[in-house]
Amino acid sequence: MTTVSIVLFTSDLRVHDHPPLRAALRAADEVVPLFVLDHGVRRAGFDAPNRRAFLADALTGLDDALTRRGGRLVLREGEVVDEVCALARETGAGEVHVAAGVSGYALDREERLRSALPSVGCALRVHDAVVTAVPPGELTPHGNDHFAVFTPYFRRWEKAALRQPVAAPRRVPVPQDVGSAKLPDRDVPGASPGLPPGGEHAGRARLSGWLAGGVRDYAERGDDLAGDATSRLSPYLHFGCLSPTELVHRARERGGEGADAFVRQLAWRDFHHQVLHARPTASWTDYRTRDDRWRTDAQAARAWREGETGYPIVDAAMRQLRHEGWMHNRARLLVASFLTKTLYLDWRVGARHFLHWLVDGDLANNQLNWQWMAGTGNDTRPNRVLNPLTQARRFDPQGDYVRRWVPELAALPGREVHEPWKSGVSVTYPAPITDLGAALARFRTARGLD
């Protein structure tokens, strides 16, 4: 009798270094690689145009990779637990293999699967260290279920024994009579025009190029906004087109200060995942309340979203976000500081906007980075304020980043572009929506710092 296992792909859309897939192949004669277009994700508002377009690429790429190995991807649409149970009943599958998640939704999905699958004679196998390099609950301080500060977490994380990456399988035998829905199209209304190609093939090509060159100077040039000297691998990590475990191993093999700095960023990613795993409510509620009474200013929020604040470095970043579905990490910090500290608007306003546009927007990294900058999260200096002019002079000293994304200021030379109101040149560009000195005083009063 032919035995069957199901691999439920979620945010792990690859065949390289995929423990659930390898375990399923060991456990059964045939495997059904399954992805469910989950109505629960759609209801939660995470089915945004940019991620839908990138997902279409990733699913097509996964299907291609499986086809080259004699298999194919099976696509279903509906409620994920219902669809998995129906497929298990249809194929007589004995096991379902899935990567462990960290969000409240992912944890609830696991519990619902664990409860429902025995009714169809099927067991659930959950695999750690697939979405993160170190499993979220593996490193804990004495007396707590997670690390609340990054530095002590990183000291432990650096010494953690990572599993070795597993090779992509040579063959993936899939039952021939299993029906599948049509793969989605990348052409999604409302998606950003500068969206990068998705999928494992594109991700691995970018990774190889990064390790061969760009990572060498990352420690020195990582914050250079105009230089575009970051890996841009975050979308591929978010969708699991790349394995974080493999990235850590390969970066460490590459060696050097740049590789070390890159590995530290991967550790930050794991850090936020372990926080959210322990505190799922931090996705929308303050991790550490500051008793903020956030202002409500629809006009200021609109100006920030549209890139029309009158502060060119902020506006450049917000326009890049709309065009590419991506933003440099340094720019993310400064626009978040501007919204939450300068304008004193609720961090959830910014987090929601980012989740709409970012290809790499997930709850752990997006929400907790927003909370970090708002001072309601894990920042040990919760009242720090990033002055947009100081940030612009330091990280875009010649103004090239601003001129790239705010073309109406292209005629202003050098750093003059950061303060167009002082140039004496007539430009069609909004005046600053707030005075930085007055805004800082307002924030300090609101936080009780004066």
Side-chain angles (χ1 to χ4, degrees), residues 14 16-18 129-135 138-139 147 149-168 196-197 200-274 320 324 326-334 359-360 364-365 368-369 372 378-380 391 394-398 400-401:
R14 61 182 187 267
H16 291 82
D17 192 35
H18 198 286
V130 179
V131 174
T132 58
V134 175
E138 184 171 297
L139 307 179
F147 278 92
V149 179
F150 175 71
T151 300
Y153 174 79
F154 182 58
R155 285 196 290 263
R156 290 274 300 277
W157 187 93
E158 275 192 302
K159 298 175 182 177
L162 301 187
R163 63 170 180 81
Q164 288 298 313
V166 297
E200 183 177 17
H201 179 75
R204 295 187 72 79
R206 183 173 287 277
L207 171 61
S208 295
W210 170 245
L211 293 176
V215 74
R216 180 184 60 249
D217 301 321
Y218 181 62
E220 178 183 352
R221 299 187 58 224
D223 280 326
D224 179 1
L225 291 172
D228 199 12
T230 64
S231 71
R232 288 183 175 254
L233 293 175
S234 56
Y236 303 96
L237 282 165
H238 172 61
F239 281 90
C241 303
L242 293 175
S243 157
T245 302
E246 182 184 359
L247 262 62
V248 174
H249 278 291
R250 291 184 64 178
R252 284 174 171 171
E253 290 168 2
R254 176 69 170 78
E257 291 185 6
D260 290 344
F262 178 61
V263 168
R264 186 180 176 88
Q265 293 302 310
L266 294 171
W268 266 108
R269 181 177 182 272
D270 274 13
F271 172 73
H272 286 313
H273 278 76
Q274 60 97 37
Q320 179 185 26
E324 295 187 348
W326 182 88
M327 190 192 294
H328 190 290
N329 183 58
R330 171 57 55 176
R332 297 187 198 205
L333 295 178
L334 72 91
V359 180
D360 60 30
N365 298 308
L368 292 172
N369 270 311
W372 191 89
N378 304 96
D379 190 1
T380 55
Q391 294 283 301
R394 182 176 179 184
F395 300 115
D396 187 28
Q398 298 306 312
D400 295 330
Y401 178 73

Working for side chain to side chain contact (heavy atoms under 4.5 Å, CB included), residues L237 and L247: CA-CA 10 Å; L237 282 165; L247 262 62; 3.9 Å; yes
I need the full list of side-chain hydrogen bond (donor to acceptor under 3.5 Å, both in side chains) pairs touching residues 236-245, with sequence neighbours left out, sorted by first then second residue.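 Every side-chain hydrogen bond (donor to acceptor under 3.5 Å, both in side chains) pair that includes a residue of residues 236-245, provided the two are not neighbours, is D17-S243, H238-D362.
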For D360 and W326: C-alpha separation, side-chain torsions, deciding distance, then whether side chain to side chain contact (heavy atoms under 4.5 Å, CB included) applies. CA-CA 7 Å; D360 60 30; W326 182 88; 3.7 Å; yes
[atom1] of [X] to [atom2] of [Y]: how many Å apart, nearest 0.5 Å?
X	Y	atom1	atom2	answer
T230	N329	OG1	CG	8.5 Å
R250	F262	CZ	CZ	10.0 Å
L225	L334	CG	CG	7.0 Å

Looking at [X] and [Y], what are the two nearest heavy atoms and their distance?
X	Y	value
A202	P197	CB-O, 3.8 Å
P235	V359	CB-CG1, 3.6 Å
T132	V134	OG1-O, 2.9 Å

Side chain to side chain donor-acceptor pair (under 3.5 Å) against [X], all qualifying residues, sequence neighbours excluded:
X	value
D224	none
Q391	R330
H328	none
R269	none

Tell me whether the centres of the aromatic rings in W210 and Y218 are closer together than 6.0 Å.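 When the ring centroids of W210 and Y218 are compared, they turn out to be within the sub-6.0 Å range.
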Parallel, tilted or perpendicular, as decided by the 30° and 60° cut-offs, for the rings of W268 and H272: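 Tilted: the ring planes of H272 and W268 meet at 30° to 60°.
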For the residue pair Y153 and F147, categorise the inter-ring angle as parallel (less than 30°), tilted (30 to 60°) or perpendicular (more than 60°).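 Taking F147 first and then Y153, their aromatic rings stand perpendicular (interplane angle over 60°).
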Just by modelled atom types, is the Y401 backbone N or O under 3.5 Å from a matching donor or acceptor in the D396 side chain?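 It does hold such a pair.
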Keeping R254 on the side-chain end and V215 on the backbone end, is there a donor-acceptor pair under 3.5 Å?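 No, because the side chain of R254 does not come within donor-acceptor range (under 3.5 Å) of the backbone of V215.
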Quick one, L207 with L211, criterion side chain to side chain contact (heavy atoms under 4.5 Å, CB included). Give me CA distance, side-chain angles, the key distance, then yes/no. CA-CA 6 Å; L207 171 61; L211 293 176; 3.7 Å; yes
Among all residues two or more places apart in sequence or in another chain, which pass the side chain to side chain contact (heavy atoms under 4.5 Å, CB included) test with D217?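 In terms of side chain to side chain contact (heavy atoms under 4.5 Å, CB included), with neighbours along the sequence ignored, D217 is linked to R221.
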SB check E246 R14 (cutoff 4.0 Å):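 Looking at E246 and R14, the cut-off is not met.
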